[in-house]
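It should be emphasised that the depicted structure is a prediction, and the values quoted were computed from it without experimental measurement. Counting convention: from 1, in listed order, for ligands and their atoms alike. In this chain, numbering begins with 1 at the start of the sequence shown.
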Amino acid sequence: MGGDSWMFSRAMVANCKEAFEGLSSLVDVGGSTGTTAKVIAEAFPSIHCTVFDLPAAASAESLPNLDYVGGDMFTDDIPPADALLFKWVLLDWPDEACLKVLKQCRKALLSSKNGGKVMIADHVLGHESSDRGASSSLLLDLMLMAVAEGCLRSEKQWGKLFSDAGFSSYVITPVAGLRSLIQVYP
Ligand SMILES: C[S@@+](CC[C@H](N)C(=O)[O-])C[C@H]1O[C@@H](n2cnc3c(N)ncnc32)[C@H](O)[C@@H]1O
């Protein structure tokens, strides 16, 4: 996953530069060993990036504007930041679990004086650019249902999740292949 994650993250910071401009802090929730956070930290030295993942995932690699915090997004407080990024994380979880974590995020963003947003890098079904893309999405969706409790979501399903969690608006920007960046505002 590391190489794919690196390539996608490079495309995301290039295609969605405006989404990162003006941020001073970002937490990559479920950021694993920090591949994505490292790409963001290098591209935007003024953003302090924190990888928040289960303690066993922490990496030794670091940068002056990158650190690691161990924790569980369902039971621990996610560190406060201008942006809370979930890249390829929510697709592993059913709606109830996503709702729980998104509600916590919204509460944290509303109590921060800088406002802020949730950023979700994930598939948006129906936004595929080709039939081949649609077939790959279908296969991944079946696999997620078989081995995890998660699923791929359409824009309508994402939108319902955001409004059920109390968010007011969102913007979807296609990044690469089947994947987009969704910015969600409290
Ligand atoms: C599919 S991987 C995605 C990793 C990374 N975001 C990427 O794009 O390559 C899901 C990540 O979520 C993390 N994770 C799973 N359950 C978690 C929890 N309860 N709290 C925090 N992180 C969790 C896993 O450790 C794993 O690193």
Student: Considering Gly34, Ser5, Gly31, which one's heavy-atom position lies nearest to atom 9 (O) of ligand 1?
Tutor: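 It is Ser5 that holds the nearest heavy atom.
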
Student: Main chain of Asp82, side chain of Ser25: is a donor-acceptor contact present, judged purely on distance under 3.5 Å?
Tutor: yes

Student: Could you tell me whether a side-chain N or O of Trp158 sits under 3.5 Å from a main-chain N or O of His123, the two making a donor and an acceptor?
Tutor: yes

Student: Test of understanding: given a 4.0 Å heavy-atom threshold, classify the contact between Val29 and ligand 1 as side chain, backbone, both, or neither.
Tutor: neither

Student: Looking at Leu63, is its backbone amide N or carbonyl O close enough to the side chain of Lys38 to form a donor-acceptor pair, meaning the two atoms are under 3.5 Å apart?
Tutor: no

Student: Below 4.0 angstrom from a heavy atom of Ser32, which ligand 1 atoms are there? Numbered from 1 as shown, please.
Tutor: 4 (C), 27 (O)

Student: What atoms of ligand 1 come within less than 4.0 Å of a heavy atom belonging to Trp93?
Tutor: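 Answer for ligand 1: 16 (N).
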
Student: Show me which atoms of ligand 1 lie under 4.0 Å from any heavy atom of Asp72.
Tutor: 18 (C), 19 (N), 20 (N)

Student: Consider ligand 1: state whether an atom of it lies below 4.0 angstrom from any non-hydrogen atom of Gly71.
Tutor: yes

Student: In terms of side-chain heavy atoms, does Asp53 have a donor or acceptor partner in Ser32 at a distance below 3.5 Å?
Tutor: no

Student: Which atoms of ligand 1 sit under 4.0 Å from any heavy atom of Lys87?
Tutor: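 Matching atoms, with element in brackets: 3 (C), 5 (C), 6 (N), 7 (C), 8 (O), 9 (O).
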
Student: Please check this pair: side chain of Ser180 against backbone of Val175, looking for a donor-acceptor N/O pair closer than 3.5 Å.
Tutor: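 No, the answer is negative, given that no donor and acceptor are paired below the 3.5 Å cut-off.
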
Student: Sequence neighbours left out, what passes side chain to side chain contact (heavy atoms under 4.5 Å, CB included) with Lys103? Give chain and number order.
Tutor: Leu99, Ala165

Student: Does any N/O atom on Phe74 come nearer than 3.5 Å to any N/O atom on ligand 1?
Tutor: no

Student: Hey, looking at atom 17 (C) of ligand 1, which of Val51, Asp53, Leu54 has the closest heavy atom?
Tutor: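 Result: the heavy atom closest to atom 17 (C) of ligand 1 is in Leu54.
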
Student: Applying a strict 4.0 Å limit to heavy atoms, is Asp92 in contact with ligand 1?
Tutor: yes

Student: Would you please test Trp93 and Phe74 for ring-ring contact (aromatic ring centres under 6.0 Å, His included) and show each step?
Tutor: CA-CA 11 Å; Trp93 298 95; Phe74 295 113; 4.8 Å; yes

